[in-house]
Amino acid sequence: IQFFFIKIEFLFKIQSFLLLKFEGFKEFRVCVEMKDSTTDPIGQNLIKVISNVCFSVFVFSVLIITVIAITYQPPDPWESSRALTRVFTQVENATFKVDNSVLKTGEDVASSPIEAPAGVFTLVPITEAIIEKSEENLSNETLKSGCEDVNVVNCSDPRVLFTIERFNLKTFKSIAFLDYRTPVNGSKPNECDVAWRFRNKKERSWRKYRDFRRFKIGFTDDCSYKVVHAGRWHSGVNARHPRIRVNSTRTSTRAKIAPPVIDEEINDTIPIMGSDSDFKNGRYLYYSRGGDYCKGMNQYMWSFLCALGEAQYLNRTFVMDLSICLASSHTSSHKDEEGKDFRFYFDFEHLKETASIVEEGDFHKDWRKWNKAHKKKISVRKVKDYKVSPDQLLKDKSTIIWRQFDAPEPENYWYRVCEGPSAKYIQRPWHAVWKSKRLMNIVTDISGSMDWDFDAVHVVRGEKAQNKVLWPHLDTDTSPDSLVTKLQGIITPWRNLYVATNEPYYNYFDKLRSHYKVHLLDDYNYLWSNTSEWYNETTQLNGGSPVEFDGYMRVEVDTEVLYRAKSRVETFYNLTKDCKDGINTC
């Protein structure tokens, strides 16, 4: 009602204003007419026309303003107040949706290949130009003709290696070959086994992998070497690089288990703290366990990188708990499982090369040791509220800044530290976290067994296929018959087809086998069986107790193999019109 009266009052003011302007305009016209009574009639008429036009425009403009004033509805001032209150006082939703997809890590988000840190020796990929230069440096005078005995091949002849290098460059275009070992004799006189280190061009990290294959070597008309046949992945067993064995003895109770071996390119040992003085002179950021424990891997890493980012901002060493609680969505028991090691899933060697960290157990041990041996205790500042910003701790001189997360959820999530204004200056160091080299070795084995020449389809089923409310068509669109129909129009028949899926029934994709060479993750379960290198290495890492190849590891390997396919078909947007996050979320 009050606003209505304000409008009426405004209209009266406009009316009064118009009357005044109109009276003034009439006086102006009279003056002009009197002044110009003795002037030219044509000029007088022109002035009248212009004045009439101007007055008409003025009246029309006032009319428009009047209509707008009558019809305009301003926002409710009380509602605006409530909106501002919500903006400045609301707390962000501190929960994560359950996401069973694999976490993107540093090598995934990098826009270009990652350079190795200082002190890490890297190799230049072998190219045709490098091979030609090596041939020029080779003295032909010291080598015998290759045609002296066509039934026997001298595998140590450098020209054999050059031939194999050229063959690999033409055959495996998605691979960057880094270095080769000297070929050795195979099982037959015309066979040579050779090993090399390589990196997939789709992987942005600088990590190296190994392959060794058997080649059947023949001769061309001009007596130069040629590759007649190339063996499959890891077929050149005579050229296999020897592994470091930790303990070759076996007990009678574990006679069927391979002796432990170590990948010498993996160094995920825990860094040593040093002397007491080194500990005292250090500056540490310590996070006690919070509500993120036993949450999904995405939330765990989002919080962990927040803590690591704060440590880097404060120029402090982060005290790291290597123990992970795996959420029930990825365990075979369907319960949260504690005691998982960070090194099962992520590359600890790369992390300690790119960030200043210390293991929590060693940290506590040295802390107790110092306090027991010295009267002057280590200075500690305890921070009990995540609302104490990193900027407020920047000038703190305490040896240890101890953030404690004792409040109820969601106030006890680590990542709350990086919310609000802190997000402007705390940068999460995504580049510091890579996937486990041991899991990536499995990815490489699977891809290499298909000679890096395969297509892939990602079939999402499980709980989403059962939820008809959010995904009404998913179950039908991913049925065996639908898959055959849709894939035949996308993927060439009888190609290697890797199926990345959460479908638990192995024979579900049998109809595809009539059209493609189908590969599933379970076809390669020997890569994590109790005779595998992965099993041996993780068992040793776990203090002698076997490690389960859990659900998150399966998703991680499945996804990485999917990324290496020559062509990739996704469930959402390719196989079904349903949205990834449910109905009406596309």
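Position 1 is the first residue of the sequence; numbering continues from there.
Side-chain atoms of R199 and R207, non-hydrogen and from C-beta on, never get closer than 4.5 Å to each other. By the 4.5 Å heavy-atom criterion applied to side chains, L483 and V499 are not counted as neighbours.
A cation-pi arrangement is absent between R181 and W196 under the rule of less than 6.0 angstrom and at most 45 degrees off the ring axis. Taking the ring centre of Y413 as origin, the terminal cationic atom of R416 falls outside the region bounded by 6.0 Å and 45° from the ring axis.
The environment of K468 atom NZ is dense: over 12 non-hydrogen atoms of other residues, nucleotides or ligands sit within 6.0 angstrom. Around the NZ atom of K216, the shell of radius 6.0 Å holds no more than 12 heavy atoms that belong to other residues, nucleotides or ligands. Environment of CG in N507: crowded, with over 12 heavy atoms of neighbouring residues, nucleotides or ligands closer than 6.0 Å. Heavy atoms of other residues, nucleotides or ligands lying less than 6.0 angstrom from CD1 of I130 number more than 12.
Side-chain contact annotation: E338 with S323, donor-acceptor N/O pair under 3.5 Å absent. A donor atom on one side chain and an acceptor atom on the other are found under 3.5 Å apart for S187 and E191. Side-chain contact, S447 with D445: no donor N or O sits under 3.5 Å from an acceptor N or O. A donor and an acceptor atom, one from each side chain of S328 and T331, are nowhere located under 3.5 Å apart. Residues S235 and R214 have side chains that never bring a donor and an acceptor to within less than 3.5 angstrom of each other. Using a 3.5 Å distance cut-off with no hydrogens or angles, the side chains of D523 and Y498 do not pair a donor with an acceptor.
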(request) Starting from the C-alpha separation in whole Å, work towards a yes-or-no answer on side chain to side chain contact (heavy atoms under 4.5 Å, CB included) for S174 and W452. (result) CA-CA 7 Å; S174 62; W452 309 97; 3.8 Å; yes

(request) Please test E570 against R568 for salt bridge (charged side-chain N to carboxylate O under 4.0 Å, His left out), starting from the C-alpha separation and ending with a verdict. (result) CA-CA 7 Å; E570 290 287 352; R568 190 166 75 233; 3.5 Å; yes

(request) Take Y425 and Y313 through the ring-ring contact (aromatic ring centres under 6.0 Å, His included) test and state the conclusion after the steps. (result) CA-CA 8 Å; Y425 49 85; Y313 175 74; 4.9 Å; yes

(request) Please lay out, stage by stage, how H519 and F454 fare under the test ring-ring contact (aromatic ring centres under 6.0 Å, His included). (result) CA-CA 10 Å; H519 303 259; F454 64 97; 8.0 Å; no

(message) Run the side chain to side chain contact (heavy atoms under 4.5 Å, CB included) test on L521 and I446 for me, step by step, so that the C-alpha distance in whole Å, both residues' side-chain angles and the decisive distance to 0.1 Å come before the verdict.
(response) CA-CA 8 Å; L521 182 60; I446 295 175; 3.8 Å; yes

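Residues passing the side chain to side chain donor-acceptor pair (under 3.5 Å) test with K517: none are found, sequence neighbours excluded.
Electrostatic pairing of D451 and R213 counts as a salt bridge here, judged by a charged N lying under 4.0 Å from a carboxylate O. Contact check on E359 versus K352 returns no salt bridge, with no Lys/Arg side-chain nitrogen under 4.0 Å from an Asp/Glu carboxylate oxygen. Under 4.0 Å is where a charged nitrogen must lie from a carboxylate oxygen, and between K435 and E560 at least one such pair does. A salt bridge between D453 and K566 is present, with a side-chain N of the basic residue lying under 4.0 Å from a carboxylate O of the acidic one. Salt-bridge annotation for E310 and R403: present, with a side-chain N of the basic residue lying under 4.0 Å from a carboxylate O of the acidic one. Between D510 and R513 a salt bridge is recorded (basic side-chain N to carboxylate O distance below 4.0 Å). Under 4.0 Å is where a charged nitrogen must lie from a carboxylate oxygen, and between D179 and K208 no such pair does. In this structure, E349 does not pair ionically with K437, as no charged nitrogen and carboxylate oxygen lie closer than 4.0 Å. Between E203 and R564, at least one side-chain N (NZ, or NE/NH1/NH2) sits under 4.0 Å from a carboxylate O, which counts as a salt bridge.
Evaluated for a ring pair (Phe, Tyr, Trp, His ring centres under 6.0 Å) with F549, the options W528, Y345, Y526, Y535 yield exactly one hit, W528. Of the candidates Y287, Y286, F304, W414 forms a ring pair (Phe, Tyr, Trp, His ring centres under 6.0 Å) with just one, namely Y287.
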